[in-house]
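Reading through the structure tokens given below for one structure.
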Amino acid sequence: MKRTSLALRITVVCLAIAAVAVVVAGLVAARLIRTTGIDVLRQSLSAQADVVASQLDETGIGNRLGIGKAAEVVRGQGIDVVVRRPNGTLDGAGTVAAIAATKTGFTRSGTVLVEGQQYLVEARTVGAKGAAFALVQSTKLGEARGRMLVRNTVLALGAGLAVAAIAGLVLSRMLSRPLRRAASVANGMRSGRRDLRVPVEGPSEVADVATSVNELADALQYSEARQREFLLSVSHELRTPLTAVTGFAEAIGDGVAEGEDARRAGQTIHREAARLERLVSDLLELARLGADEFRLDPARLDLAALVDECADVWRLRCAQQNVTLLVERPAGEVPIVADPRRLRQVVDGLAENALRVTPAGAPIVFSLVTLQGQAQLAVRDGGPGLAPEDYPVAFDRGVLNKRYRDSRPVGSGIGLALAHGLVTRMGGTLTAGPAPEGGAAFTVAFRSG
């Protein structure tokens with residue numbers, strides 16, 4: 001589905017807001033201007049009536065020449081003058097102006113309607129003999145002035161609308177330009193580019209988008225670099241047993257290995273195949289660990305009993321390599337909630353790592369303590385240990401394998417990562433640090449009770 005651009009939407013919104021504001025302002029202004037125009041016209045007419053009245057006296061109203069001089073001035077402005085003589089006669093009787101003046105009785109000022117047209121009437125009495133005059137003016141002049149003002153106002157509002165449209169277009173381009181850059185970089189990342197970055201500019205929200213895209217690019221670059229290193233490490237681990245299996249299989253197939261040599265070749269093939277199987281199993285477990293379908297069966301178990309079961313198995317294996325296995329645990333039960341099978345897998349993996357690096361005569365210790373509501377099981381060894389900077393990255397896939405494979409026996413490079421993932425999924429924690437025996441200590445902690 002084709003979507004409209006952000007620039008178009010912002011421009012349309014700005015135009016809509018400006019149009020509504022213009023319409024509302026125009027309606028209010030037109031009403032005010034029309035009313036104000038008539039009020040100004042009425043005030044002007046009243047002022048002129050006062051001026052005319054000030055120039056007349058009781059005798060002057062009867063003198064046609066006297067009223068005529070004043071009338072000529074106001075008539076030149078489109079104002080009609082209606083005179084009521086002391087004898088009650090009207091000058092200009094029968095005219096629309098005279099009708100309008102008569103409606104006021106020459107006693108009041110106001111607005112009257114004659115033949116569908118509004119007229120302003122300003123009446124004044126002169127002397128005490130009933131003489132009076134009225135200035136009559138149509139409101140058309142005020143309305144015409146009002147319409148002129150409305151036209152000018154509409155032109156101004158139209159100019160404001162045009163400015164709003166231009167401002168909306170400029171604003172939309174300012175906002176959409178960095179977003180388009182971010183989209184372009186994201187498309188480049190989708191095609192495999194990892195060297196692209198978005199300039200961090202514009203409003204804070206747009207700058208946050210650019211920063212997030214750049215951080216995503218950095219994370220992808222780092223993650224893919226780690227994946228390449230991991231694949232190289234796994235490839236190295238696979239190559240060694242595959243080379244052994246291939247070489248001995250060729251020797252048996254070519255008849256080079258016979259008798260006792262063939263038996264040893266078969267044992268070697270079996271051992272390396274088992275190593276390959278463990279590596280593949282670890283890879284599969286690690287891949288499934290982050291999936292939703294990875295199954296755990298948590299249950300209440302006695303961690304002290306599990307430690308005893310593990311010790312019975314590993315005590316024999318340690319004795320075969322002249323390594324002493326020590327068990328330190330409190331008396332009684334240490335209840336926790338975890339998956340027994342997966343937890344046993346974790347402990348066996350940690351014990352295997354410890355036995356691999358522990359020299360003859362050095363100890364391996366299973367230490368179980370309860371501290372501040374936690375059950376902590378540590379697997380410690382008397383091996384060479386790790387460099388201080390390696391403990392924080394001990395559970396990253398392949399890191400320890402890459403750093404130590406040329407100096408000591410190492411595993412597949414994913415066993416510790418798998419153990420950490422399993423413990424985390426079960427709600428516990430797995431940490432690494434130095435051991436009192438001189439080697440490394442890996443501690444599994446669960447809530448006790």
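Just the heavy atoms: all of them, side chains too, but no hydrogens, waters or symmetry mates, feed the values below.
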Set out, in order, the CA-CA distance, both residues' side-chain angles and the distance that settles side chain to side chain contact (heavy atoms under 4.5 Å, CB included) for Trp314 and Asp348, then state yes or no.
CA-CA 8 Å; Trp314 285 96; Asp348 287 343; 2.9 Å; yes
Where do Asp297 and Arg342 land on the salt bridge (charged side-chain N to carboxylate O under 4.0 Å, His left out) test, with the steps shown first?
CA-CA 9 Å; Asp297 297 310; Arg342 294 296 185 182; over 6 Å; no
What's the verdict on side chain to side chain contact (heavy atoms under 4.5 Å, CB included) for Val337 and Leu301, showing C-alpha distance, side-chain angles and the deciding distance?
CA-CA 6 Å; Val337 176; Leu301 60 93; over 6 Å; no
Criterion side chain to side chain contact (heavy atoms under 4.5 Å, CB included) on Val307 and Leu377, from CA distance to verdict
CA-CA 8 Å; Val307 170; Leu377 170 58; 3.7 Å; yes
List the steps, then state whether side-chain hydrogen bond (donor to acceptor under 3.5 Å, both in side chains) holds for Ser138 with Gln117.
CA-CA 8 Å; Ser138 173; Gln117 175 63 43; 3.2 Å; yes
Step by step, work out the side chain to side chain contact (heavy atoms under 4.5 Å, CB included) result for Gln376 and Thr370.
CA-CA 6 Å; Gln376 299 180 356; Thr370 56; over 6 Å; no
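Looking at heavy atoms from C-beta onward, Leu303 lies in side-chain contact with Leu343 at the 4.5 angstrom threshold. With contacts defined as side-chain heavy-atom distances shorter than 4.5 Å, the pair Phe442/Phe395 qualifies. With contacts defined as side-chain heavy-atom distances shorter than 4.5 Å, the pair Val200/Asn214 qualifies. Here the side chains of Pro330 and Val369 are not in contact, with every heavy-atom distance at 4.5 Å or above. Annotation: side chain of Arg329 is not in contact with side chain of Val334 (no heavy-atom distance under 4.5 Å). Side-chain contact between Asp381 and Glu437: absent, with no pair of heavy atoms (C-beta onward) separated by less than 4.5 Å. Taking the side chain as every heavy atom from C-beta outward, Phe366 and Leu325 approach each other to under 4.5 Å. Between Arg344 and Val313, the closest side-chain pair of non-hydrogen atoms falls below 4.5 Å.
For the residue pair Pro434 and Ala441, the shortest heavy atom distance occurs at O-CB, 4.0 Å. Of all the heavy atoms in Thr443 and Ala378, the pair that sits closest is OG1-CB, 3.6 Å. Taking all atoms of both residues into account, the shortest heavy-atom contact from Met189 to Leu220 is CE-CD1, 3.5 Å. Looking at every heavy atom in both residues, Ala394 comes nearest to Leu416 through O-CD1, 3.5 Å. Considering every non-hydrogen atom in both Val323 and Pro359, the closest pair reads CG2-O, 3.7 Å. Here the shortest heavy-atom pairing between Val347 and Cys310 reads CG1-SG, 3.7 Å.
Rounded to the nearest 0.5 angstrom, Leu120 CG and Gln43 CD are separated by 11.0 Å. For the atom pair CZ of Arg193 and CG of Asn187, the computed distance is 12.0 Å after rounding to the nearest 0.5 Å. The CG atom of Leu350 sits 13.5 Å away from the CZ atom of Arg380 when rounded to the nearest 0.5 Å. Taken from CD1 in Ile336 to CG in Leu306, the straight-line distance is 7.5 Å, to the nearest 0.5 Å. Separating the CG atom in Leu430 from the OG1 atom in Thr424 is a distance of 7.5 Å, to the nearest 0.5 Å. The distance from the CG atom of Leu196 to the CD atom of Gln221 is 10.0 Å, given to the nearest 0.5 Å.
Remark: side-chain polar atoms of Asp390 are not paired, donor with acceptor, to backbone N or O of Leu386 under 3.5 angstrom. A donor-acceptor contact shorter than 3.5 Å links the side chain of Lys103 to the backbone of Leu113.
Side chains of Asp80 and Tyr119: a donor-acceptor N/O pair is absent below 3.5 angstrom, by distance only. Between the side chains of Ser448 and Gln374, no donor-acceptor pair is found at a separation under 3.5 Å. Side-chain contact check for Thr111 and Arg42: at least one donor-acceptor pair (N or O, by modelled atom type) lies under 3.5 Å. Under the 3.5 Å distance criterion, with hydrogens and angles disregarded, a donor-acceptor pair is assigned to the side chains of Arg124 and Ser46.
The existence of a salt bridge linking Arg425 and Asp339 is excluded, since no basic side-chain nitrogen approaches an acidic carboxylate oxygen closer than 4.0 Å.
Heavy atoms from other residues, nucleotides or ligands lying under 6.0 Å from CZ of Arg197 number more than 12. Remark: Glu328 CD is packed, more than 12 non-hydrogen atoms of other residues, nucleotides or ligands lying under 6.0 Å away.
Asp302 is linked by a side-chain hydrogen bond (donor to acceptor under 3.5 Å, both in side chains) to nothing, counting only residues two or more places apart in sequence or in another chain.
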